[in-house]
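Side-chain atoms are counted along with the backbone in the values below, which use heavy atoms only and exclude waters and symmetry mates. In this text, all values refer to a predicted model and were calculated from it rather than measured experimentally.
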Amino acid sequence: MKLKTSRFFSSLLCLFMVISAASQETNDSNKLTSLQDKKVLLVYGGWEGHQPKVFAERVNKWLEKEGAKVTMSDSLGVYTQKEIMDNTDLVIQYWTMGQISKEQSKALLDAVKNGTGIAGCHGGLGDSFRNNTDYQYMIGGQFVTHPGGLIDYDITISKDNNPITKGIKNFSVKNTEQYYMHIDPKVKILATTTFSDTHNYWIKGTVMPVCWTTQYAKGKVFYLSIGHDPKDFDNPAAWQLLTRGFKWVCK
């Protein structure tokens, strides 16, 4: 009887340890990481209509205030520099369209698979390298169109308890692009927008993700579709979503 009782309590102890470990892992994955002394690679370029350099300089200024050690590059060739990639905690990319070589793509994807976080917004992450489906598989979505061009639209924040969205209320953005996208169903949606019939009647009521996180092997991914113009981030809520996303993905 004593042996059976001992085995019973041993089983309970093992179950408790497994549950505690899983809970700790979940809690850790929901924390925002301090960027103090983190090595951040900020890559920008592609279509000039998105003002990639202006965006990069704005983000770099914020990163420096956060204490990050930033490497800025206007070339995708930086992805093949092994010493840099092996020591990068976070990649922030703002590169719309363009072409990425097989070597550059593989180096970036491998870095994220091994735990480097990647984050970005609008076409700088969600409309990069249209012919590279492996890249799109990592990001979790791909730009399709923006009905109406520059318009005003509303953002609805998910009610889930998430450190990226905590305390942020629903808000509106003005005179910018509302992205219609193809989405990976496994992404964790943090914010959405709903399309009207003003420009395309057949999409009325369509609820589209605006902000999400996902996982690519060991690496975290964050995406926000706001950001056609760097001035979009004069909106405090949009800027808060973006910068918290940077912290969430950083390893």
Does the side chain of Ile226 come within less than 4.5 Å of Leu242's, by heavy atoms? no
Dump the intermediate steps for side chain to side chain contact (heavy atoms under 4.5 Å, CB included) on Gln240 and Phe171, then the final yes or no. CA-CA 12 Å; Gln240 198 167 34; Phe171 63 98; over 6 Å; no
Starting from Val59, can I reach Trp47 by hopping between I/L/V/M/F/W/Y residues whose side chains sit under 4.5 Å apart? no
For the backbone of His228 and the side chain of Asp232, can you confirm whether one donor and one acceptor N or O come within less than 3.5 Å of each other? yes
Got Thr243 and Glu66 here, is their nearest side-chain heavy-atom distance under 4.5 Å? no
Go through the steps to decide whether Phe222 and Leu90 satisfy the test side chain to side chain contact (heavy atoms under 4.5 Å, CB included), and finish with yes or no. CA-CA 11 Å; Phe222 169 84; Leu90 167 63; over 6 Å; no
Is it true that a side-chain atom of Asn235 and a backbone atom of Ser172 form a donor plus acceptor pair closer than 3.5 Å? yes
In this structure, CZ of Arg58 is separated from CZ of Phe55 (nearest 0.5 Å) by 9.0 Å
For Tyr216, what residues pass the ring pair (Phe, Tyr, Trp, His ring centres under 6.0 Å) criterion, not counting sequence neighbours? none
When you measure from the side chain of Ser105 to the backbone of Ile100, do you find a donor-acceptor pair of N or O atoms at a distance under 3.5 Å? no
Could you tell me whether the side chain of Asn170 and the main chain of Ile157 form a donor-acceptor pair under 3.5 Å? yes
Test of understanding: clusters of I, L, V, M, F, W, Y form through side-chain heavy atoms closer than 4.5 Å, transitively. Do Trp212 and Tyr137 belong to the same one? yes
Are side-chain heavy atoms of Gln136 and Phe129 found at a separation under 4.5 Å? no
Please name the pair of heavy atoms, one in Ile164 and one in Asn162, separated by the smallest distance, quoted to 0.1 Å. N-OD1, 2.8 Å
Supply the atom-to-atom distance Glu177 CD to Asp127 CG, rounded to the nearest 0.5 angstrom. 9.5 Å
Give a yes or no on whether the backbone of Trp202 and the side-chain of Asn200 come within a donor-acceptor separation of less than 3.5 Å. no
I need the minimum non-hydrogen distance between Ala238 and Leu224, along with the two atoms involved. O-CD2, 3.8 Å
Expected output: side-chain Ser158 to main-chain Ala191 donor-acceptor under 3.5 Å: no
Distance (rounded to the nearest 0.5 Å) between Ser34 OG and Lys247 NZ: 7.0 Å
Nearest heavy-atom pair of Gly227 and Phe233: which atoms, and what distance? CA-CE1, 3.7 Å
What about Val187 and Tyr180, same hydrophobic cluster or not, with Ile/Leu/Val/Met/Phe/Trp/Tyr joined at side-chain heavy-atom distances under 4.5 Å? yes
Any donor-acceptor N/O pair, Lys186 side chain to Gln215 backbone, under 3.5 Å: yes
Check the hydrophobic clustering (I, L, V, M, F, W, Y; side-chain heavy atoms under 4.5 Å; chains of links allowed) and say if Phe143 and Ile189 are grouped together. yes
Just one of Tyr179, Tyr94, Trp95 clears the ring-ring contact (aromatic ring centres under 6.0 Å, His included) bar with His122, so which one? Tyr179
Working to the nearest 0.5 angstrom, can you tell me the gap between Met208 CE and Ile183 CD1? 6.0 Å
Taking the side chain as every heavy atom from C-beta outward, state whether Ile118 and Leu108 have any atom pair closer than 4.5 Å. yes
Under a 4.5 Å side-chain heavy-atom rule over Ile, Leu, Val, Met, Phe, Trp and Tyr, are Leu150 and Met181 clustered together? no
Once you round to the nearest 0.5 Å, how far does CG of Leu241 lie from CD1 of Ile168? 4.0 Å
Got a sec: does the NE2 of His199 have more than 12 other heavy atoms crowding it under 6.0 Å? yes
Nearest heavy-atom neighbours spanning Gln99 and Asn131: NE2-ND2, 3.7 Å
In the structure I gave you, are the side-chain heavy atoms of Trp248 and Leu32 within less than 4.5 Å of one another anywhere? yes
State, yes or no, whether a side-chain contact exists between Ile92 and Leu63 at a heavy-atom distance under 4.5 Å. yes
Give the C-alpha distance, both sets of side-chain angles, the deciding distance and a yes or no for side chain to side chain contact (heavy atoms under 4.5 Å, CB included) between Tyr135 and Leu125. CA-CA 10 Å; Tyr135 169 83; Leu125 200 70; 3.4 Å; yes
Answer yes or no: are there more than 12 heavy-atom neighbours, outside Asn161 itself, under 6.0 Å from its atom CG? no
Could you check if a side-chain atom of Thr198 sits within less than 4.5 angstrom of a side-chain atom of Tyr153, using non-hydrogen atoms only? no
Looking only at heavy atoms, what is the nearest atom pair of Ala56 and Met72, with distance? CB-CE, 3.8 Å
Can Asp110 and Lys82 be counted as an ion pair, charged N to O under 4.0 angstrom? no
Quick one: do Lys102 and Asp134 satisfy salt bridge (charged side-chain N to carboxylate O under 4.0 Å, His left out)? Show the steps, please. CA-CA 10 Å; Lys102 290 182 179 180; Asp134 289 334; over 6 Å; no
Say whether, by atom type as modelled, one donor and one acceptor occur between the side chain of Ser101 and the main chain of Gln104 under 3.5 angstrom. yes
Is the side chain of Gln178 donor-acceptor paired with the backbone N or O of Asp152 at a distance under 3.5 Å, no angle test? no
Which pair of heavy atoms, one from Phe246 and one from Leu35, lies closest together, and at what distance? O-CD2, 4.5 Å
Quick one, Arg130 with Met97, criterion side chain to side chain contact (heavy atoms under 4.5 Å, CB included). Give me CA distance, side-chain angles, the key distance, then yes/no. CA-CA 6 Å; Arg130 292 181 179 180; Met97 295 182 282; 3.4 Å; yes
With rounding to the nearest 0.5 angstrom, report the CE to CG distance, Met85 to Leu41. 6.0 Å
Under a 4.5 Å cut-off applied to non-hydrogen side-chain atoms, are Lys188 and Asp160 in contact? yes
Strictly by side chain to side chain donor-acceptor pair (under 3.5 Å), give each pair with a member in residues 35-45 just once, sequence neighbours left out. none
